Amino acid sequence: MKTDLNLLQQSLDYRFKNPHLLLEALRHSSYTHEQSGKKLHDNERLEFLGDAVLNLVIGHLLMMRFSELNEGDLSRIRSSLVNESQLARFADTLDLGSFLYLGKGEVQTHGRSKPSILADALEAVIAAVYLDGGFEMVFRLVKNHFSPQLEKMLLPSDLHDFKTQLQEKAQSAREKKPQYTVLFQDGPDHDKTFCVEVKVFGLSAQGVGKSKKAAEQEAAKHALELIRKNLSEDSVNTGETDISSKPLSR
């Protein structure tokens, strides 16, 4: 176990005015249960607060970065960032496990590398920074450490997998699998443009992109928009789809 908290503060790029908050964030309940009579607080209350702070900051960052996304997309992306496995990976980059105060049983069962313990401890540390330095400081910390993942989210294929959404919608309605066809491609080999058509639910939609995959995603996006315009969600989800007689908005 590492006891020099200066190393952890360097990794966090934040120095605590009240180091007792950091110590509390590092105490697992298995440790405090073994310290009878010392009246030490474990990190569970800080974990509770840290979960709320982290979701707020990530939500704020996503609202700033992706102004065009709806609530469902924002929630999906936030969930992909704020979950046990992802938080445990971030904790690993800080070597957080080495600084945790664990009970003997957790130490023997490799508690320092357990994703659940690491994720909870990271949330507790985030809460400690919030209480010690305020929202501006915790916002900066979370932004700095989550920026690489947010940058990856800038790729359209990472933001919206419209093809998967369309296929899942067709499957849930017991419809045939969406069929994609390249209508044409234009331009030189190093700078081609593709036009793709997708057919599903008795309708067709087209998409254009600099690659076949991008054009398919765009076509799937437009198909989903057509479905929302021409079919109620209930009819799609229950398989009661008869749009052949309905005029489609294109």
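Start at 1 with the first residue, then count along the sequence. These numbers were taken from a predicted model, which means no experiment stands behind them.
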Quick one about [Y] and [X] (side-chain donor to acceptor, distance below 3.5 Å, no hydrogens or angles considered), yes or no?
X	Y	answer
Glu168	Ser172	no
His20	Glu24	no
Asp132	Tyr14	yes

[X] [atom1] to [Y] [atom2] distance, which is reported to the nearest 0.5 Å:
X	Y	atom1	atom2	value
Gln165	Gln217	CD	CD	8.5 Å
Gln108	Leu102	CD	CG	11.5 Å
Phe201	Glu175	CZ	CD	5.0 Å
Leu131	Asn18	CG	CG	9.5 Å
Leu22	Asn43	CG	CG	11.0 Å
Phe146	Leu61	CZ	CG	9.5 Å

Does some side-chain heavy atom of [Y] sit less than 4.5 Å from a side-chain heavy atom of [X]?
X	Y	result
Val129	Phe16	yes
Glu216	Val198	no
Ile58	Ile77	no
Val125	Leu26	yes
Val182	Lys212	yes
Tyr180	Leu166	yes
Leu100	Arg27	no
Phe135	Leu56	yes

Against the six-membered ring of Phe194, is Lys213 placed for a cation-pi contact (under 6.0 Å from the centre, within 45° of the normal)?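 Judged by the rule (NZ or CZ under 6.0 Å from the ring centre, within 45° of its axis), Lys213 is not positioned above Phe194.
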
Over 12 non-hydrogen atoms of neighbours within 6.0 angstrom of [atom1] in [X]:
X	atom1	value
Met137	CE	yes
Lys176	NZ	no
Lys104	NZ	no

Please determine whether side-chain contact (heavy atoms from CB on, under 4.5 Å) holds for the pair Asp95 and Lys2, giving the CA-CA distance in whole Å, both sets of side-chain angles, and the decisive distance to 0.1 Å. CA-CA 10 Å; Asp95 195 22; Lys2 294 181 179 179; 2.6 Å; yes

Which is it for Glu84 and Ser116 under the side-chain contact (heavy atoms from CB on, under 4.5 Å) test, yes or no, and what are the steps along the way? CA-CA 6 Å; Glu84 182 179 289; Ser116 59; 3.5 Å; yes

Is the backbone of [Y] close enough, under 3.5 Å, to the side chain of [X] for a donor and an acceptor to pair up by distance?
X	Y	result
Ser11	Leu7	yes
Glu123	Leu46	no
Arg15	Gln9	no
Gln206	Val196	no
Arg112	Val107	no
Asp120	Ile117	no
Asp51	Glu47	no
Gln179	Lys177	yes
Asp42	Ser29	no

Which atom pair, heavy atoms only, marks the closest approach of [X] to [Y]?
X	Y	result
Ala223	Ala205	N-CB, 3.6 Å
Gly50	Ala127	N-CB, 3.4 Å
Leu96	Leu118	CD2-O, 4.1 Å
Phe99	Leu5	CD2-CD2, 3.9 Å
Glu106	Ser30	CG-OG, 3.4 Å
Pro19	Lys17	CD-O, 3.4 Å

Hey, mind stepping through Leu23 and Tyr101 against side-chain contact (heavy atoms from CB on, under 4.5 Å) and telling me if it holds? CA-CA 9 Å; Leu23 285 170; Tyr101 291 84; 3.7 Å; yes

Please tell me whether Val57 and Met64 are part of a single hydrophobic cluster in this structure, the criterion being side-chain heavy atoms less than 4.5 Å apart. yes

Can you check side-chain contact (heavy atoms from CB on, under 4.5 Å) on Leu122 and Leu94, steps first, answer last? CA-CA 9 Å; Leu122 180 63; Leu94 300 171; 3.9 Å; yes

Are Phe139 and His60 an aromatic pair by the rule of ring centers under 6.0 Å? yes

